[in-house]
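Here's the structure, in structure tokens; my notes come after.
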Amino acid sequence: MNNIILSIKNLTVKYGTTVALKNISMEIAQNRITALIGPSGCGKSTLLRSLNRMNDLIEGASVSGQVLYRGEDIYAPSVDPVAVRLQIGMVFQKPNPFPKSIFENVAFGPKINGYRGDLGSLVKQSLQGAGLWEEVKDRLHDNAYALSGGQQQRLCIARALALQPEVLLLDEPCSALDPIATLRIEELIQELKEQLTIVIVTHNMQQASRIADYTAFFLSGELVEYGETEKVFTAPVDKRTEDYITGRFG
Amino acid sequence: MMAGNSNARSWSERIIEVLLAAAVSVSILTTIGIVVSLVGETTGFFREVSLVEFFTAKEWTPLFTPAHYGIAPLVAGTFLVTVIAIAVAAPLGIASAIYLSEYASVKVRRVIKPILEILVGIPTVVYGYFALTFITPIIRHILPDTDVFNALSAGIVMGIMLIPMISSLSEDAMTAVPRSLREAAYALSATKLEVALKVVIPAAISGIVASFILAFSRAIGETMIVTLAAGGTPNLTINPLESIQTMTAFIVQIILGEAPFGSIEYQSVFAVAFVLFLLTLSLNIIGHWIVRRYREVY
């Protein structure tokens, strides 16, 4: 693996008394796409949400172990989770634009974080980065709910890009979209890895094999197998990985 | 045999239906009755007093000679107390709603919500007594020129009474804002306060405004607090430290007094009540209309 941007060490996450992730250790490569796969309830989304402390928002969630971002533990007591999320952005399963204009959606993050530059050009640049600019440039002040599902999801990506994060976490970003919209997002993700690191949770194994450089397979809160995508899909080491990717369960 | 059974069943079903419909009609008929009696006596009143005098004269002295019938001082008194009450209740109600919906843990909410609901159950006469014997002395201690009966004391206490109403309705509106919008904001590095002020409140704004309007309407119709604490002096003023009289307090005064049945003083009560009825009715309609519109968003 080349440069490591995130290093997860002995991470255990519990919701109340339910253990969602058991002692996970893995490293995420910079400017690469890492896919987290596995059946529902395997802990892949929990892991994703641990990487920018979104689990803090769930009552009863407790985390032990470390997540090192460029060598610094994001769970250290001195670390402000709000500052972590400035570096590590997130896009969710269902498109969740604010009931505001397209412009205001993209400008939201920079505005609340005291951005001092030219907001208009930042919004344009972010929408271009998400491949949405050409479609919306004449109606930036229309409500975001007027966009299609695929456009809304690219708006959410643009909104995350506007903070110029180092890492972008994607939680099944295509699960609510049709195949054409899905393809556009996949192309976009591949373009984005030039600038940032991407971790994507997906249900869709074809999607993982199409876009990811690395793939991690989870089962019942454990990391079963992790490596280069091609290896994981063509020559899995663990029998359970093979069973899952060949469709024997899941 | 089977036919007989189903026949008996359909009869009992029918009787139950009629009984339930009768229960509904009690409140509907009562409302109609109220409107009819209001309109009847009000027309009698306006045979003696012109609409122009009623709406433009600046004095309300039905029990003196010469009697003046300008409703302005009563409306002014009512709005003075109401504005003070909303000025107290709106910020405190919104702040409690934000606390309950965004900050409080499930445990804390489980304790605080019932306590707030108890506040709703306190009889208004208790609030009125509290205003007169507790709040008024404090105000007079700070501002010695204040009248014993004054709009400020009644307004403050009425505001306290309205806090749970605004808080509870606003909290419902805020809780209805989808969690996904909050998560979107948190993921964009928003703080808890930014999420509340920039995402949750804008998304819940129609529900919050509706809670204000319903509280406003409740304040206009509130009777006991103002009767006990605000005084019985119709007074066209905006000074909250003076004694005033609200529309409701005037109605109480005349009904409990000696105005002979059918006299002009007696009828004036109905004219005032009719104005009050129209005011609260239109505010309720506006409030419910806003609530309904808001429901269509999600």
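Labels below follow one simple rule: chain letters A, B, ... track the order of the sequence lines, proteins then strands, and each chain is numbered from 1.
Residue contact with chain B, scored on non-hydrogen atoms closer than 4.5 Å, involves the backbone of A/P97 exclusively. Contacts between A/K100 and chain B at a heavy-atom distance below 4.5 Å involve the side chain alone, from C-beta outward. Residue A/L86 touches chain B through both its backbone and its side chain, counting heavy-atom pairs closer than 4.5 Å. For A/M90, the parts sitting under 4.5 Å from any heavy atom of chain B are the backbone and the side chain alike. In this structure, the portions of A/R159 lying under 4.5 Å from any heavy atom of chain B include both its backbone and its side chain.
Across all their heavy atoms, B/R179 and A/L57 have their closest contact at NH2-O, 3.8 Å. Minimum heavy-atom separation, A/R85 to B/Y186: CD-O, 3.1 Å.
B/E183 has a carboxylate O that lies under 4.0 Å from a charged side-chain N of A/R49, or vice versa, which qualifies the two as a salt bridge.
No more than 12 heavy atoms of other residues, nucleotides or ligands shown are found within 6.0 angstrom of OH on B/Y129. With a 6.0 Å radius and a threshold of 12 heavy atoms from other residues, nucleotides or ligands, A/K193 has its NZ atom above the threshold. Atom CD of A/Q195 sits in a crowded spot, with more than 12 heavy atoms from other residues, nucleotides or ligands closer than 6.0 Å. Around CD1 of B/I238, the count of heavy atoms belonging to other residues, nucleotides or ligands within 6.0 Å does not exceed 12.
Residues of residues 194-201 of chain B that come within less than 4.5 angstrom of chain A, heavy atom to heavy atom, are B/E194, B/K198, B/V199 in numerical order. Of residues 93-117 of chain B, those residues with a non-hydrogen atom less than 4.5 Å from any non-hydrogen atom of chain A are, in numerical order, B/S105, B/V106.
No side-chain donor-acceptor contact under 3.5 Å links A/N96 to the backbone of B/L181. For B/S189 (side chain) and A/A83 (main-chain N/O), no donor-acceptor pair under 3.5 Å exists by modelled atom type.
For the pair B/L188/A/F98, a side-chain contact is recorded, criterion being any heavy-atom separation below 4.5 Å from C-beta on. Annotation: side chain of A/Q93 is not in contact with side chain of B/S180 (no heavy-atom distance under 4.5 Å).
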